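For reference, the structure is listed below as structure tokens.
Lettering follows sequence order; numbering is per chain, from 1. The shown structure was predicted, so the numbers you read here are calculated from the model rather than taken from an experiment.
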Protein chains: 2
Amino acid sequence: MTTQEMTHGTAGQATAGAGRPAGRPRSEKAEKAIIEATLDLIAEGMGVAELSIEAIASRAGVGKTTIYRRWSNKEDLVADSLATLKAPLPAVGGVSVRDDLITLLAAMQNEAGQERTRCLMNIAMSDADRYPRLMGRFVKVAVEPRRKAVRDVVQRGVDNGELRPDTDVEVALATLSGAMLWYTKWGNGELTDDLAERIVDQVLSGIAPL
Amino acid sequence: MTTQEMTHGTAGQATAGAGRPAGRPRSEKAEKAIIEATLDLIAEGMGVAELSIEAIASRAGVGKTTIYRRWSNKEDLVADSLATLKAPLPAVGGVSVRDDLITLLAAMQNEAGQERTRCLMNIAMSDADRYPRLMGRFVKVAVEPRRKAVRDVVQRGVDNGELRPDTDVEVALATLSGAMLWYTKWGNGELTDDLAERIVDQVLSGIAPL
DNA sequence: CCGATACGCAACGGTGTCGTTTCGAAAGCT
DNA sequence: AGCTTTCGAAACGACACCGTTGCGTATCGG
């Protein structure tokens with residue numbers, strides 16, 4: 001973690017032998033509650049800057065002390081919170097590149113419709129410059145897995161001949177994901193069911209004649 | 001404007017005849033300074049929520065009174081400020097669709113490298129949900145012109161046969177712009193000079209074989 | 001049981017912003 | 001001139017957080 005060991009770890013202190021903390025152990029439940037509250041508030045539209053320790057403590061049903069004992073600053077707390085996010089990715093069929101890409105993009109579109117995801121994405125976009133360390137964390141746990149899923153499908157297509165051998169995989173990735181991102185953010189309500197399909201088909205076929 | 005006429009306009013009051021304000025007129029300079037300060041602070045990374053009237057007043061060299069006299073709340077001030085933004089778009093050559101798209105995307109990439117644009121984009125992304133009225137404004141003055149520029153080029157290509165007649169213009173637009181957006185936000189430093197070219201060429205030719 | 005530590009809670013002094021008000025000094029009109 | 005309105009500046013009381021501290025209680029090891 002990041003600043004977990006302010007006084008000591010939770011069960012660490014390996015070598016010293018007699019080092020067992022000797023006292024009431026930290027409540028694992030409180031820790032969970034704090035992180036949950038943090039994510040909740042973020043998911044309600046709070047930017048990192050507006051997050052207040054008091055609000056988190058209150059929401060978590062916890063004393064501020066309990067928070068400060070574990071994290072010395074807000075950024076560390078948020079970083080650890082983001083790190084707990086699991087990314088449930090849709091499984092792809094593996095039959096055709098086209099189908100798999102549509103599946104992934106449709107999932108992306110669906111996620112973008114959820115409030116929680118929207119807010120997390122907002123943070124990713126807007127607080128990225130201000131809290132680079134924090135964003136590294138977020139990109140790693142939330143963005144990168146999705147990016148990898150798309151990249152793997154594209155790469156597979158290149159390898160097995162479903163796509164051109166000279167395909168620029170990174171650009172393809174940006175094109176597909178970026179198009180969906182663009183639509184979910186600024187596409188004026190035109191989020192139809194066949195959107196993923198339209199994007200994928202156009203990226204596959206191109207728009208130049210023949 | 002939005003709440004400009006709290007007590008009266010600046011020189012309005014048309015019909016009533018005797019209606020001339022009769023007193024010291026409002027300083028046009030102060031108004032400019034306030035708006036400039038607002039944009040400055042935003043451009044320095046402030047989210048809308050963190051913007052403080054005090055900071056704006058101080059930055060503008062103006063009393064808070066002068067601000068409150070004109071705008072009853074922060075959102076109106078920000079909305080009016082955003083409305084003053086001009087969008088200097090690159091002129092396209094009009095020779096070939098490919099060249100024009102590369103020009104537009106390269107300009108987009110270049111703009112995304114500037115701090116001011118980055119911050120404005122951040123606001124557009126993250127505060128969009130929280131301040132929908134405000135975003136309508138911003139989209140209209142900043143996003144839509146660029147979207148239109150790309151769309152016009154694509155549409156021209158469709159019309160004159162440089163692109164397939166059945167091209168989905170909106171998807172093409174999302175694909176091109178979205179790819180660049182994606183790269184500038186999360187492309188790990190791989191912002192090479194030929195990026196615009198690579199994106200455009202791939203969108204044109206597609207990635208399916210033949 | 002004892003010592004140690006963590007718990008939730010409430011309070012501390014300090015800071016920053018809020019929106020409003022008051023002030024003396026411009027700056028316009030008649 | 002006199003009147004009106006705005007100007008910048010400063011102060012107001014109110015509130016929200018900050019990070020810290022003390023309190024009484026709970027929960028561990030020895």
Between the base of [N] and the side chain of [X], is there a donor and acceptor pair under 3.5 angstrom?
X       : N      : value
A:Thr65 : C:dC9  : yes
B:Arg24 : D:dT6  : yes
A:Lys64 : D:dG19 : yes

Can any side-chain N or O of [X] pair as donor or acceptor with the backbone N or O of [Y] at less than 3.5 Å?
X        : Y       : answer
B:Glu54  : B:Lys64 : no
B:Asp127 : B:Val48 : yes
A:Asp100 : A:Gly93 : yes

Among [options], which nucleotide has an atom closest to any side-chain atom of [X]?
X       : options               : answer
A:Pro25 : D:dT6, D:dC28, C:dG28 : D:dC28
A:Arg69 : D:dC17, C:dA6, D:dT20 : C:dA6
B:Glu54 : C:dT17, C:dG8, D:dT6  : C:dT17

Quiz item: Pick the nucleotide of DNA chain C nearest each of B:Ala55 and A:Val62; which residue has the one closer to the 5' end?
Solution: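 First, find each residue's nearest nucleotide; the 5'-ward one identifies A:Val62.
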
Output the rounded distance in Å from [atom1] ([X]) to [atom2] ([N]).
X       : N      : atom1 : atom2 : answer
A:Glu50 : C:dC18 : CD    : P     : 13 Å
B:Asn73 : C:dC18 : CG    : C1'   : 13 Å
B:Ile56 : C:dT17 : CD1   : C1'   : 12 Å
B:Glu31 : D:dT6  : CD    : P     : 12 Å
A:Ile53 : C:dG8  : CD1   : C1'   : 16 Å
B:Ile34 : D:dG8  : CD1   : C1'   : 11 Å
B:Arg59 : C:dT17 : CZ    : P     : 13 Å
B:Arg26 : C:dC29 : CZ    : P     : 16 Å

Practice problem: Give a yes-or-no answer on whether the side chains of B:Asp99 and B:Ser96 include a donor-acceptor pair shorter than 3.5 Å. | Solution: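 Yes, a side-chain donor-acceptor pair sits under 3.5 Å.
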
Exercise. Indicate whether OP1 or OP2 belonging to D:dT6 is found under 4.0 Å from a side-chain N or O atom of B:Ser27.
Key: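 Checking D:dT6 against B:Ser27, no side-chain N or O comes under 4.0 Å of OP1 or OP2.
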
Quiz prompt | Contact under 4.0 Å: B:Thr66 side-chain N or O vs D:dG8 OP1/OP2 | solution =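 Yes.
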
Practice problem: Walk me through it: do A:Glu31 and A:Arg69 pass the test salt bridge (Lys or Arg N to Asp or Glu O under 4.0 Å)? | Solution: CA-CA 11 Å; A:Glu31 194 142 330; A:Arg69 194 174 290 121; over 6 Å; no

